[in-house]
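Residue numbers run from 1 in the order of the sequence given.
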Amino acid sequence: MSIQIDQVNKFYGQFQALHDVSLTIPEGQITALLGPSGSGKTTLLRIIAGLENAEQGRILFGGEDISQLHVRDRNVGFVFQHYALFRHLTVAQNIAFGLESLPKKQRPPKPEIRATVARLLEMIQLPHLANRYPAQLSGGQKQRVALARALATKPRILLLDEPFGALDARVRKDLRRWLRNLHDEFHFTSVFVTHDQEEALELSDQVVVMSHGRVEQVNAPTELYARPESRFVFDFLGQVNEFSGQLRDGRLVQGDAWVRLPESPAGSEAQLYLRPHEVRLTSEPSEQAHFPFCIEAVSLIGSEVRVELKAQGWQSEDVWEVGISHAEFNRRQPRRGDRCYAVPDIGHLFAEGQDQPRTISWGDSA
């Protein structure tokens with residue numbers, strides 16, 4: 001079941017929470033609504049569910065306008081951040097609640113409800129906890145029960161509001177993997193809200209980046225990360241190193257630092273954005289770039305080593321980060337206080353007055 005959002009506007013008094021939001025959510029895919037607090041992502045999710053009404057615009061499920069349908073008639077499953085389980089009901093009773101609450105004509109027979117609950121308990125790998133109460137469960141177990149309860153009525157669409165936000169990092173990662181596998185098996189249409197970039201990029205098929213009630217960019221995770229279309233998306237999505245300077249004779253210059261540009265853009269100022277993996281560290285500057293740094297910290301994190309750099313002879317608002325392999329770390333043995341140089345391989349240039357970047361590659365010449 002696809003979802004079409006057509007020019008939706010939402011107001012709270014004088015405050016406009018959503019501005020002409022139009023968006024297509026493909027059938028059978030997981031779509032993430034990603035953005036900082038106040039970006040409008042939860043408001044949009046609640047409008048899709050029917051928990052909020054839009055002043056203007058339409059919501060269509062599979063081409064059918066359901067904007068005026070009550071939430072109970074939309075056949076949507078909703079999973080809340082803080083589970084919203086009934087404390088006085090067991091796990092099995094919580095899962096069965098939605099089925100037992102259906103109107104009499106739609107309610108399945110009791111044996112069918114029991115069979116559905118048993119099947120869902122197997123699916124969430126918690127059949128041994130059927131008779132426990134929510135207070136006796138861990139956070140990850142509660143979230144699985146909440147998801148099973150949402151799936152019990154066989155909804156056309158599954159909506160999740162910060163579903164893993166209340167869990168610790170390890171449990172979040174395990175549940176993300178579990179939900180992705182579950183989705184790949186059943187192919188229901190899912191929309192989830194998150195402010196966690198890693199979560200959005202890892203779990204979703206499509207990411208919608210929102211800011212101040214507007215859609216900034218929509219794309220597949222890999223394309224979104226590789227080709228941000230605005231400064232906001234660059235700043236929000238993943239770590240980025242920024243170099244601001246003056247344009248002089250084909251170079252971008254600030255203090256003792258500079259980088260040659262293959263093509264000189266118009267204007268007098270520009271900003272160069274560099275992802276940590278788009279930069280190499282050397283002991284000497286190259287012919288194409290002169291970025292002097294002092295190593296501020298070295299952290300061994302997972303499969304890579306993160307090196308934090310402090311600018312020398314020029315100003316940077318933030319510490320730069322560069323990721324190197326463990327093999328390179330063992331070969332170079334970088335230490336705090338060492339002087340080094342950053343050499344860019346790929347950069348993204350924002351010329352003066354422009355909000356869309358131009359990607360630059362220095363290739364082997366750098």
Exercise for the section: Please report the shortest heavy-atom distance between Ala130 and Leu121, naming the atom on each side. Expected result: CB-CD1, 3.6 Å

Practice task
Kindly assign one of parallel, tilted or perpendicular to the pair His88 and Phe86, based on the angle between their ring planes and the thresholds 30° and 60°.
Solution key: perpendicular

Exercise for the section: Could I get the full list of side-chain contact (heavy atoms from CB on, under 4.5 Å) partners for Asn53, not counting sequence neighbours? Expected result: none

Handout entry: Any donor-acceptor pair under 3.5 Å from Gln136 side chain to Tyr133 backbone
Key = yes

Handout entry: Cluster check Leu201, Phe192: I/L/V/M/F/W/Y, side chain < 4.5 angstrom
Key = no

Practice task
Return the minimal non-hydrogen interatomic distance between Val305 and Ser325, and the atom names on each side.
Solution key: CG2-O, 4.3 Å

Practice task
State yes or no: are the ring centers of Tyr341 and Phe293 separated by less than 6.0 Å?
Solution key: no

Completion exercise
Taken to the nearest 0.5 Å, the spacing of Lys142 NZ from Leu129 CG works out to 12.5 Å

Practice task
Return the minimal non-hydrogen interatomic distance between Ala200 and Leu34, and the atom names on each side.
Solution key: CB-CD2, 4.0 Å

Exercise for the section: Count the heavy atoms of every other residue, nucleotide or ligand shown that sit under 6.0 Å from CZ of Arg339, and state whether that count exceeds 12. Expected result: yes

Problem - Heavy-atom side-chain proximity of Arg107 to Leu99 below 4.5 angstrom - result: no

Problem - Whether Ser2 side chain and Ile25 backbone form a donor-acceptor pair below 3.5 Å - result: no

Exercise for the section: Decide if atom CG of Asp184 counts as having more than 12 heavy atoms of other residues, nucleotides or ligands within a radius under 6.0 Å. Expected result: yes

Handout entry: All salt bridge (charged side-chain N to carboxylate O under 4.0 Å, His left out) counterparts of Glu55, not counting sequence neighbours
Key = Lys10

Handout entry: Min side-chain heavy-atom separation Ile30-Leu203 under 4.5 Å
Key = yes

Problem - Side chain Gln254, main chain Gln315, donor-acceptor under 3.5 Å - result: yes

Practice task
May I ask you to decide whether Arg180 forms a salt bridge with Asp205, counting only side-chain N to carboxylate O separations under 4.0 Å?
Solution key: yes

Exercise for the section: With sequence neighbours excluded, tell me which residues meet side-chain contact (heavy atoms from CB on, under 4.5 Å) with Arg177. Expected result: Lys173, Asp174, Asn181

Practice task
Could you check if a side-chain atom of Trp314 sits within less than 4.5 angstrom of a side-chain atom of Trp258, using non-hydrogen atoms only?
Solution key: no

Problem - Connected via hydrophobic side-chain network under 4.5 Å: Phe350 and Leu247 - result: no

Problem - Whether over 12 other heavy atoms sit under 6.0 Å from Gln68 CD - result: no

Practice task
For the pair Glu202 and Arg176, find out whether any cationic side-chain nitrogen is under 4.0 Å from an anionic carboxylate oxygen.
Solution key: yes

Problem - Between CD on residue Glu112 and CZ on residue Arg114, distance to nearest 0.5 Å - result: 11.0 Å

Problem - Shortest non-hydrogen separation from Gln239 to Val319 and the atoms involved - result: NE2-O, 4.2 Å

Exercise for the section: Check for a donor-acceptor pair, side chain of Asn241 on one end and backbone N or O of Trp320 on the other, with a separation under 3.5 Å. Expected result: no

Handout entry: Side-chain (Arg214) to main-chain (His19) donor-acceptor, under 3.5 angstrom
Key = no

Exercise for the section: Taking the side chain as every heavy atom from C-beta outward, state whether Ile157 and Ser190 have any atom pair closer than 4.5 Å. Expected result: no

Problem - side-chain contact (heavy atoms from CB on, under 4.5 Å) partners of Arg248, counting only residues at least two apart - result: Gln246, Val253

Practice task
Consider only side-chain heavy atoms of I, L, V, M, F, W and Y, link residues closer than 4.5 Å, and tell whether Tyr273 and Val343 are in one cluster.
Solution key: no

Handout entry: Row check, Tyr225 ring normal vs Arg275 NZ/CZ: under 6.0 Å, within 45°
Key = yes

Practice task
Report yes if some heavy atom in the side chain of Val207 is under 4.5 Å from a heavy atom in the side chain of Val218; otherwise report no.
Solution key: no

Completion exercise
Heavy-atom closest pair (Gly77 atom, Pro155 atom, distance to 0.1 Å) is N-CB, 3.3 Å

Practice task
Establish whether Val307 and Leu300 are linked, either directly or via other cluster members, by ILVMFWY side-chain heavy-atom contacts under 4.5 Å.
Solution key: yes

Exercise for the section: Enter the distance from Leu252:CG to Gln271:CD here, rounded to the nearest 0.5 Å. Expected result: 8.0 Å

Problem - Thr90 versus Asn131, side-chain donor and acceptor atoms under 3.5 Å - result: no

Exercise for the section: Please check if the side chain of Arg74 supplies one atom and the backbone of Ile48 the other of a donor-acceptor pair under 3.5 Å. Expected result: yes

Exercise for the section: Kindly say whether Ile124 contributes a backbone atom to a donor-acceptor pair with the side chain of Trp178 at under 3.5 angstrom? Expected result: no

Problem - Donor + acceptor pair across side chains of Arg58, Gln4 (<3.5 Å) - result: no

Completion exercise
One should read off an interatomic distance between Leu349 CG and Thr359 OG1, to the nearest 0.5 angstrom, of 9.5 Å

Practice task
Could you walk me through whether Glu321 and Val279 pass the side-chain contact (heavy atoms from CB on, under 4.5 Å) test, one step at a time?
Solution key: CA-CA 9 Å; Glu321 290 185 9; Val279 181; over 6 Å; no

Exercise for the section: Verify side-chain contact (heavy atoms from CB on, under 4.5 Å) between Phe61 and Val76, making sure each step is shown before the conclusion. Expected result: CA-CA 10 Å; Phe61 288 177; Val76 167; 3.7 Å; yes

Practice task
Please report the C-alpha distance between His187 and Glu27 in whole Å, then the side-chain angles of each, then the deciding distance to 0.1 Å, and finally whether the side-chain hydrogen bond (donor to acceptor under 3.5 Å, both in side chains) criterion is met.
Solution key: CA-CA 8 Å; His187 299 289; Glu27 180 177 2; over 6 Å; no

Handout entry: Atom NE2 of His277: over 12 foreign heavy atoms under 6.0 Å
Key = yes

Practice task
Would you check if there is a donor-acceptor pair between the side chains of His195 and Glu162 at a distance under 3.5 Å?
Solution key: yes

Problem - Check: His326 main-chain N/O paired with Asn330 side-chain donor or acceptor under 3.5 Å - result: yes

Handout entry: Salt-bridge contact Arg306-Glu308 (side-chain N to carboxylate O under 4.0 Å)
Key = yes

Exercise for the section: Measure from the side-chain N and O atoms of His183 to the backbone N and O of Phe188, and report whether any donor-acceptor pair falls under 3.5 Å. Expected result: yes

Problem - Ser101/Phe97 under side-chain contact (heavy atoms from CB on, under 4.5 Å): CA gap, chis, key distance, verdict - result: CA-CA 6 Å; Ser101 301; Phe97 181 83; 3.5 Å; yes

Problem - Test item: Gln206 side-chain N/O and Asn219 main-chain N/O as donor-acceptor pair under 3.5 Å - result: no

Exercise for the section: Decide side-chain contact (heavy atoms from CB on, under 4.5 Å) for Gln7 and Val21; before the verdict, give the C-alpha distance in whole Å, the side-chain angles of both, and the deciding distance to 0.1 Å. Expected result: CA-CA 5 Å; Gln7 294 186 317; Val21 173; over 6 Å; no

Exercise for the section: Could you check if a side-chain atom of Gln16 sits within less than 4.5 angstrom of a side-chain atom of Asn9, using non-hydrogen atoms only? Expected result: yes

Problem - Residues in side-chain contact (heavy atoms from CB on, under 4.5 Å) contact with Pro36, at least two apart in sequence or another chain - result: Ser39, Phe232, Phe236

Exercise for the section: Measure the CZ-CG distance between Arg332 and Asp338 for me, rounded to the nearest 0.5 Å. Expected result: 8.5 Å

Exercise for the section: Would you kindly confirm whether Leu45 and Ile5 end up in one hydrophobic cluster when ILVMFWY residues are joined by side chain heavy atoms under 4.5 Å apart? Expected result: yes

Exercise for the section: Ignoring hydrogens and angles, state whether a donor on the side chain of Thr194 or Asp196 is under 3.5 Å from an acceptor on the partner side chain. Expected result: no

Handout entry: Residues in salt bridge (charged side-chain N to carboxylate O under 4.0 Å, His left out) contact with Arg46, at least two apart in sequence or another chain
Key = Glu52

